[in-house]
Amino acid sequence: MRFSRMLLPTLREAPADAEVISHRLMIRAGMIRKVAAGIYNLLPLGLRVIQKVEGIVRSEMNRAGGQEVMMPLVLPAELWKESGRWEEYGKELLRLQDRHGREFCLGPTHEEIITDMVRGTLRSYRDLPKNIYQIQTKFRDEIRPRFGLMRGREFIMKDAYSFHADDDSAEKEYRNMYDAYSRIFDRCGLSFRAVEAETGTIGGRFSHEFMVLAETGEDAIATCNSCDYAANTERAQTRQPEKKAAIPSDLKAVEAVRTPGKKSVEDVSAFLKVTPARFIKTLIYETDKGIVAALVRGDHELNEFKLKRELDLAFARLAGEQKVREATKAPSGFAGPIGLDVKIYADFSVRGMSGAVTGANESDTHFVNVCAERDFKADYADLRVVRDGDVCPRCSGTLRIKRGIEVGHIFKLGTKYSEKMGATFLDEQGKSRPIVMGCYGIGIGRTAAASIEQNHDESGIIWPKPLSPFACEVVPVNVKDEGTVKAAEALYSALNDAGIDCLLDDRDERAGVKFKDADLIGIPVRVAVGERNLKEGMVEIKERKHAEVKLVKVSEAAEEVRRLAGRS
RNA sequence: CGGGGCGUGGCUCAGCUUGGUAGAGCACCGCGUUCGGGACGCGGGGGUCGGAGGUUCGAAUCCUCUCGCCCCGACCA
């Protein structure tokens, strides 16, 4: 490909609204252009990268036994009503009507459609298992799209669905996909971790997320420094105390103290000169099972996912001022477990606390010298968000919190969709049973963006070879010099003939401009052809990821490029 | 949905407070000099100042409405 003929508008500056590095570089490198919030044009260079990711995903999915299909983007409401998600999914589901007033939505994911496709056709245990996937545009009306392709509203996703006669088979496929995903992200040249994760609205019992480690990641993950435990902090656990704590013998009686206007743990802590770790924080939650109180240590944070799972709740939200007053007979900020007339759940870390501070359920008042075991009753559970430095739940190692970008997610769906939508098969006994399902997604654009987050420097992108839009770039330093052009063209042809996808910067630009652009778009191997070295019969070869350049004989350049570009 | 901010040429932004009929840098076109890390000089093209209405002799500038975008939070997962 010739640079001069390519739609490749590089930019010296990035638009003001591009915040993260991958977004800025994608725009500056002429890969993407914004059309609307969270909606982008993919320019030729961007599309090439997307296609590289797709190619890797496709080959590994096929290798793992998947079959590619293509489902529609516009989906009829009826299917979503069948699964119940028409109501459940909320505003992220972009709904629309056709000219007859029939309801449709843009597909944010395709469980319903594939279940519909398969029911009635997979009728026998002999038809199972199957793994069907597609690489397709999805639409989610994200509340706050940002970071370019990282969190767009319209985005390309590979979604696979598997169908099984029983849990064992589904379990096996889950492992199979886990391995396939690991190979995919390995081949993409990404540094990643598979972590235990929450399942969200997709449903299912457990799942793994594939996280690319990057500072700018939107998710926090906890990883053990000595075993292979890794989990999203939405789910991550820590080692819990095993039994009841003893009540210290020298314990003082509970005493009420005035704390006028001091509501937050921080304020009261400063006022009473007691560290937040000595506080018991009481959070009043409104849930589908009524009002409950959740207790965590003052310096800890409640994990709502854990609360919901522990109490088997459909929803839970922090109660508003009104509900807090009803439950505690006090303004918010003074809630405490003593004398509280709602069900109380407390994190394990609260159990051993004594000499603690809590709210007194009375305006401007707190209790001191509170002892958990002595002064109130609570059900103890794992309810808090883990912190950096916590103990690993599996071994005695230490948990470290890192940031990650979720590029893949695999779920065991079970029979959630097949039951609701009547996707059944006949087993060996001729008995009708719901098909057991799994689903497996990869964000294609996000994977490309994550790669940039992980591979760049001040000058621009540094593509790992498998994702690079071109294998190499040939830069004739001065196109007004005949010898230079001749040598560059010859090399370009030789490389093309050798099957090496090559970009030739044939623009009549100054050397500096071309080198800057070459660094920006980040092709792994660059060959500079210039008068100076040509005199000695040499060209200069440089790898984007290394600073050094080396001079190679013109006659050996193609072979050297092939050697460098071929290896990953 | 709440709070804050921004819409001026392809990009980055100034001008707005205190109305007087639109600017700079980069990019683009022409000529010349230059030519291995974002050159320089001269000349040039390009903007309904997001849109609509209003105030005014006169609006990018003041007022009202509206659309779009961004940030923080809530929400969602």
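A note on names: the letters A, B, ... follow the listed sequences, proteins ahead of strands, and every chain is numbered from 1.
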A.B. asks: Measure CG/A:N478 against C1'/B:C35 and give the value in whole Å, please.
C.D. replies: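 From A:N478 CG to B:C35 C1': 6 Å.
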A.B. asks: Between A:H208 and A:F411 (judged by ring centroids, cut-off 6.0 Å), do the two rings come close enough to count as a pair?
C.D. replies: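 Not close enough - the centres of the two rings lie 6.0 Å or further apart.
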A.B. asks: Going by side chain to side chain contact (heavy atoms under 4.5 Å, CB included), name the residues that satisfy it together with A:T415, two or more places apart in sequence or in a different chain.
C.D. replies: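 Side chain to side chain contact (heavy atoms under 4.5 Å, CB included) check on A:T415 returns A:S418, A:E419, A:P434, A:V436.
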A.B. asks: Please, which pairs that meet salt bridge (Lys or Arg N to Asp or Glu O under 4.0 Å) have at least one residue in residues 478-495 of chain A, sequence neighbours excluded?
C.D. replies: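 Counting only pairs at least two positions apart or across chains, the salt bridge (Lys or Arg N to Asp or Glu O under 4.0 Å) contacts touching residues 478-495 of chain A are A:R2-A:E489, A:K480-A:D508.
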A.B. asks: For A:K514, report the nucleic acid contact type (base, sugar-phosphate, nothing); a contact means any heavy atom under 4.0 Å.
C.D. replies: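 Nothing: the residue A:K514, judged by heavy atoms under 4.0 Å, touches no strand.
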A.B. asks: Would you list the protein and nucleotides 71-73 of chain B atom pairs, both N or O, that sit under 3.5 Å from each other?
C.D. replies:
unit_1: B:C71; atom_1: OP1; unit_2: A:E19; atom_2: OE1; d: 3.4
unit_1: B:C72; atom_1: OP2; unit_2: A:R144; atom_2: NH1; d: 2.6
unit_1: B:C72; atom_1: OP2; unit_2: A:R144; atom_2: NH2; d: 2.4

A.B. asks: Find the partner of B:G41: check Watson-Crick (N1-N3 plus N6-O4 or O6-N4) and G-U wobble (N1-O2, O6-N3) distances, both under 3.5 Å, and reply none if neither fits.
C.D. replies: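 For B:G41, the partner nucleotide comes out as B:C31, under the 3.5 Å rule.
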A.B. asks: Using atom CZ of A:R28 as one end and atom C1' of B:U12 as the other, report the distance to the nearest whole Å.
C.D. replies: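 These atoms are roughly 12 Å apart.
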A.B. asks: What contact category does A:D481 fall into here, base, sugar-phosphate, or nothing, at under 4.0 angstrom with non-hydrogen atoms?
C.D. replies: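 Nothing, no nucleic acid heavy atom in range.
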A.B. asks: Nearest whole angstrom, please: distance from the P of B:G37 to the CZ of A:R526.
C.D. replies: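 That distance rounds to 11 Å.
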A.B. asks: Please set out all donor-acceptor pairs under 3.5 angstrom arising from side-chain atoms of residues 7-19 of chain A, sequence neighbours excluded.
C.D. replies:
unit_1: A:T10; atom_1: OG1; unit_2: A:D517; atom_2: OD1; d: 3.0
unit_1: A:T10; atom_1: OG1; unit_2: A:D517; atom_2: OD2; d: 3.2
unit_1: A:D17; atom_1: OD2; unit_2: A:K34; atom_2: NZ; d: 3.2

A.B. asks: Any salt bridge (Lys or Arg N to Asp or Glu O under 4.0 Å) involving residues 71-83 of chain A? Give me the pairs, sequence neighbours left out, ordered by first then second residue.
C.D. replies: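 Of all non-adjacent pairs touching residues 71-83 of chain A, those that pass salt bridge (Lys or Arg N to Asp or Glu O under 4.0 Å) are A:K81-A:E103, A:E82-A:R119.
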A.B. asks: Using heavy atoms to find the nearest nucleotide of RNA chain B for A:K480 and A:T10 separately, return the residue whose nucleotide is more 5′.
C.D. replies: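 Looking at RNA chain B, the more 5' nearest nucleotide goes with A:K480.
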A.B. asks: Taking only residues two or more places apart in sequence, or in another chain, which ones meet A:E196 in a salt bridge (Lys or Arg N to Asp or Glu O under 4.0 Å)?
C.D. replies: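 A:E196 satisfies salt bridge (Lys or Arg N to Asp or Glu O under 4.0 Å) with A:R394 only.
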A.B. asks: Among all residues two or more places apart in sequence or in another chain, which pass the salt bridge (Lys or Arg N to Asp or Glu O under 4.0 Å) test with A:E209?
C.D. replies: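 Not a single residue meets the salt bridge (Lys or Arg N to Asp or Glu O under 4.0 Å) criterion with A:E209.
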A.B. asks: Taking atom P in both B:C70 and B:C57, what distance in whole Å separates the two?
C.D. replies: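 Going atom to atom, P in each nucleotide, I get 41 Å.
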A.B. asks: Distance check, P atoms only: B:G38 and B:U48, in whole angstrom units.
C.D. replies: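 Here B:G38 and B:U48 have their P atoms 35 Å from each other.
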A.B. asks: If the C1' atom of B:C72 is compared with that of B:U56, how far apart are they to the nearest Å?
C.D. replies: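 One C1' to the other, the span is 39 Å.
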A.B. asks: Verify the contact: side-chain N or O of A:K91 to OP1 or OP2 of B:C1, cut-off strictly under 4.0 Å; return yes or no.
C.D. replies: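 Checking B:C1 against A:K91, no side-chain N or O comes under 4.0 Å of OP1 or OP2.
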A.B. asks: Is it true that the NZ or CZ of A:R95 lies under 6.0 Å from the centre of A:W80's six-membered ring and within 45 degrees of the ring axis?
C.D. replies: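 Negative - A:R95 is either too far from the ring of A:W80 or too far off its axis.
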A.B. asks: Going by the ring pair (Phe, Tyr, Trp, His ring centres under 6.0 Å) test, which pairs reach into residues 7-35 of chain A, not counting sequence neighbours?
C.D. replies: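 Non-adjacent pairs meeting ring pair (Phe, Tyr, Trp, His ring centres under 6.0 Å): A:H23-A:Y40.
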A.B. asks: Under 4.0 Å from any atom of RNA chain B, heavy atoms only: list the residues of residues 529-542 of chain A that qualify, in numerical order.
C.D. replies: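 Of all residues in residues 529-542 of chain A, the ones placing a heavy atom under 4.0 Å from RNA chain B are A:G530, A:R532, A:N533, A:E540.
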A.B. asks: Which residue lies toward the 5' end of RNA chain B, A:E234 or A:R510, if each is placed at its nearest nucleotide?
C.D. replies: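 Of the two residues, A:R510 wins.
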A.B. asks: What string of B, S and - do you get for nucleotides 5-10 of chain B, 5' to 3', if B is base contact, S is sugar-phosphate-only contact and - is no contact with any protein heavy atom under 4.0 Å?
C.D. replies: ------
A.B. asks: Considering residues at least two apart in sequence or located in another chain, which fulfil the side-chain hydrogen bond (donor to acceptor under 3.5 Å, both in side chains) criterion with A:T216?
C.D. replies: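 Expected list: A:E453.
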A.B. asks: Could you work out, with side-chain hydrogen bond (donor to acceptor under 3.5 Å, both in side chains) as the rule, every residue matching A:D388, not counting sequence neighbours?
C.D. replies: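 With sequence neighbours excluded, A:D388 shows a side-chain hydrogen bond (donor to acceptor under 3.5 Å, both in side chains) to A:R400, given in chain and number order.
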